[in-house]
Student: 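Please find one structure pasted underneath; my questions will follow.
A, B, ... follow the sequence lines: proteins, then strands. Residue 1 opens every chain.
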Amino acid sequence: MSGNVRETIANALEAAVRSLGVDGEIPDLELGRAKVADHGDYATSAGLKLARTLRQAPPAIAARLAEAIVVPEDAARAEAAGGYVNFRLTDSWLQRLVGQVAAAGARYGAADLGHGERLQVEFGSINPTGPLHIGHGRGVTLGDSICRVLEFTGHDVQREYYVNSDNTQTRRFGASVYARLHGQEPPEGGYVGEYVKDIADMARQDLPGIESLPEDQAEPKLRRYAMEKIIDQIRASVARLGVEYDEWFWESTVWESDLGPTAIERLREAGYLRERDGALWFGPALQEKEEAGEKVVEEEDRVVIRANGQPTYFASDLGYLISRFERREFNRVVEVWAADHHGYVPRMKSAASALGFDPEKLVVILHQMVNLKEGKMSKRAGRYVALDELIDRVGADAVRFFYLLRSPDTTIEFDLELAVTQGNENPVYYAQYAHARLSNVEVTARERYATLPGEADTSLLVQPHELDVARQLAFWPDVVEDAARMLEPHRIPYYVHDLATAVHRFYHAGNAESQYRVVVDDPALTRARLELCRAARHTLKTALDLIGVSAPERM
RNA sequence: GCCCCGCUAGCUCAGUGGAUAGAGCAUCUGUCUUCUAAACAGAGGGUCUGAGGUUCGAAUCCUCAGCGGGGCACCA
């Protein structure tokens, strides 16, 4: 069985189109899920799309296609309706699918789209100067779910956190710790949180003699120490959401190794650098590059080395690109950034290009901001909600579902009280409850029957509410593929909801009429329904796992 | 001023150029002696921000306008 019915139908459709005498390129026939139940499961507007090519009326073309098409394994039957061809999955194919899904278990829906492609996803990389807040939670859950989906589809994925260690913010952070160590208020623009005092106290213990050092010697040590403490915190916070990074890459290693100098030297030789006002600038103007009509190159110059000799974060990123594409040989790098960094995208793309890398291999996923109802988050103004607090209040599963339910393009206006309320009625429980019910019914079956037939005869699954569960299972590989290709994990929670709905209806049918229960007097029928339960339970669990949500067996 | 994102039911949001625009929450009406009611069945609720355009066909693509969010550093 091919894992993906949609693809099977698409191929059959293409063959049918060829059989009608279309030689050249076939337009996109837009085979997709039918929106109305009367139209079956999949539908294409092929008749309308081919009307011009074939110089025939759309209904006539659709009729000929429906006649000509042969779907392998009789998976679906075609029917013309106006200019459309509708496909309905056959009962017998759905019945067989149930057995196959139950056997495939957690692997059902997995695909080898990546062929082992080595890629890195870098996400959640905030300045290590304070705890994560609810805005960061979005990037962390999004990035991690992208990783999970990519892993499930045959990619070799590395999760990376880029530790911005050498910038103005972290220096202010170090200075703030230094001030607290000496019982002073943090300097202007410094960090005022209580945690800074805590870190200063710990440093007093862990770094003997630090108090007697002058600031220019103490600050770098304190900064490094404080950042490591913060990173421990961040590591613990994301772990609560089921996220574990493979590597924490320190910006400082760019300058402790030859990465930074190599990048700058390469750009200098290629003519991308020039000096002005005592600083070193990156600019494209020396040889204008237009690639495939798309403007890859930015117009404005950007500072690489400041007049005071310090490299900018942009300079670090140049070395970082070499680390990833060249030294560590990632074929693709996915960056998950908040939308306030969107202006940085063209610069990074042109930098990648200038360094000799394919800018297409640098994929930037932008997600919109998480703002508080009261306004933009600001520690200083007291408008700030820590990610840990949110997890404390609503639980990790609800947090993950809450974020991943939304497309990255929508701005989240956050209201903690509302989030807590919604946490209690979060749609995640609807899906988890479906899983728990399925788990429980299997327990019931074991209690009732010492033995059941080893093989399930799934042709006994003939009730509409049973076949509708199987129908949802059939769609799962489509969802996985779409989520992986478009790097859009938010498709998964919506699928989870649909599958859970089919499961609840199926289960509830047994509450309404006992003959429709899973565990009934007929062992063969019980066995067949158990097979369906297993198939659905595995798929629910797999889908929940891709968004990092647990699948409890009891609730 | 320029750039990016959004505007869809009372609220929060889905919706690869296709047929009659969907879900959750909220509101209202039914269903537990039951394999788990954290469930199920049903009802009401829409000028898809507005105006043009492209197309056989537009919530979806293009242009303009409005409103909201975010950018435009020798900050990251």
Student: Any side-chain N or O of A:R302 under 4.0 Å from OP1/OP2 of B:C74?
Tutor: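 Checking A:R302 against B:C74: no side-chain N or O falls below 4.0 Å of OP1 or OP2.
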Student: Select one nucleotide: of B:A19, B:A37, B:C13, the one nearest the side-chain heavy atoms of A:N511.
Tutor: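 Nearest listed nucleotide: B:A37.
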Student: So, OP1 or OP2 of B:C75: does either fall under 4.0 Å of a side-chain N or O from A:R306?
Tutor: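 Answer is yes, contact under 4.0 Å.
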Student: Select one nucleotide: of B:G6, B:G70, B:A19, the one nearest the side-chain heavy atoms of A:D409.
Tutor: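 Out of B:G6, B:G70, B:A19, the nucleotide with an atom closest to A:D409's side chain is B:G6.
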Student: When you compare B:U8 with B:C13, how far apart are their P atoms, in angstrom units rounded to a whole number?
Tutor: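 To the nearest whole Å, 9 Å.
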Student: For atom C1', what is the distance between B:U16 and B:A73, given to the nearest Å?
Tutor: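 It comes out at 39 Å once rounded to the nearest Å.
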Student: C1' atom, B:C48 versus B:C7: distance in rounded Å?
Tutor: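 Looking at atom C1' only, B:C48 and B:C7 are 9 Å apart.
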Student: Would you say the side-chain atoms of A:Y344 and A:D317 include a donor-acceptor pair closer than 3.5 Å?
Tutor: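 Distance-only check passes for A:Y344 and A:D317.
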Student: Hey, does the side chain of A:R437 come within less than 4.0 Å of B:C35's phosphate (OP1/OP2), counting only N and O?
Tutor: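 The answer is no; no side-chain N or O of A:R437 sits under 4.0 Å from OP1 or OP2.
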Student: With a 4.0 Å limit, can you tell me whether A:Y403 has a side-chain N or O closer than that to the phosphate oxygens OP1/OP2 of B:U12?
Tutor: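 Looking at the OP1 and OP2 atoms of B:U12, neither is under 4.0 Å from any side-chain N or O of A:Y403.
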Student: Less than 4.0 angstrom between a side-chain N/O of A:Y429 and OP1 or OP2 of B:A38, yes or no?
Tutor: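 False: A:Y429 side-chain N/O out of range (4.0 Å or more) of B:A38 OP1/OP2.
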Student: Both distances below 3.5 Å, Watson-Crick or wobble geometry, any strand: find the nucleotide opposite B:A41.
Tutor: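 Base-paired to B:U29.
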Student: Between B:C13, B:A19, B:A38, spot the one nearest the side chain of A:Y494, thanks.
Tutor: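 Among B:C13, B:A19, B:A38, the one nearest the side chain of A:Y494 is B:C13.
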Student: Looking at the side chain of A:N167, which of B:A14, B:C75, B:C3 is the nearest nucleotide?
Tutor: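 It is B:C75.
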Student: Looking at A:T501, I'd like to know whether one of its side-chain N or O atoms comes within less than 4.0 Å of OP1 or OP2 on B:G24.
Tutor: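 Result: no.
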Student: Using purine N1 to pyrimidine N3 plus N6-O4 or O6-N4 for Watson-Crick, or N1-O2 and O6-N3 for G-U wobble, both under 3.5 Å, which nucleotide pairs with B:G57?
Tutor: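 Per the H-bond distance test, none.
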Student: Closest to the A:T410 side chain: B:G18, B:C35, B:C13?
Tutor: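 Side chain of A:T410 sits closest to B:C13.
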Student: B:C32: syn or anti, with syn meaning chi within 90° of zero?
Tutor: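 Base orientation: syn.
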Student: Please measure how far the C1' atom in B:G50 lies from the corresponding atom in B:A59, and state the result in whole Å.
Tutor: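 Going atom to atom, C1' in each nucleotide, I get 14 Å.
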Student: Find the partner of B:C64: check Watson-Crick (N1-N3 plus N6-O4 or O6-N4) and G-U wobble (N1-O2, O6-N3) distances, both under 3.5 Å, and reply none if neither fits.
Tutor: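 Base partner found: B:G50.
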Student: Should A:H490 be listed as having a side-chain N or O under 4.0 Å from OP1 or OP2 of B:G15?
Tutor: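 Checking B:G15 against A:H490, a side-chain N or O does come within under 4.0 Å of OP1 or OP2.
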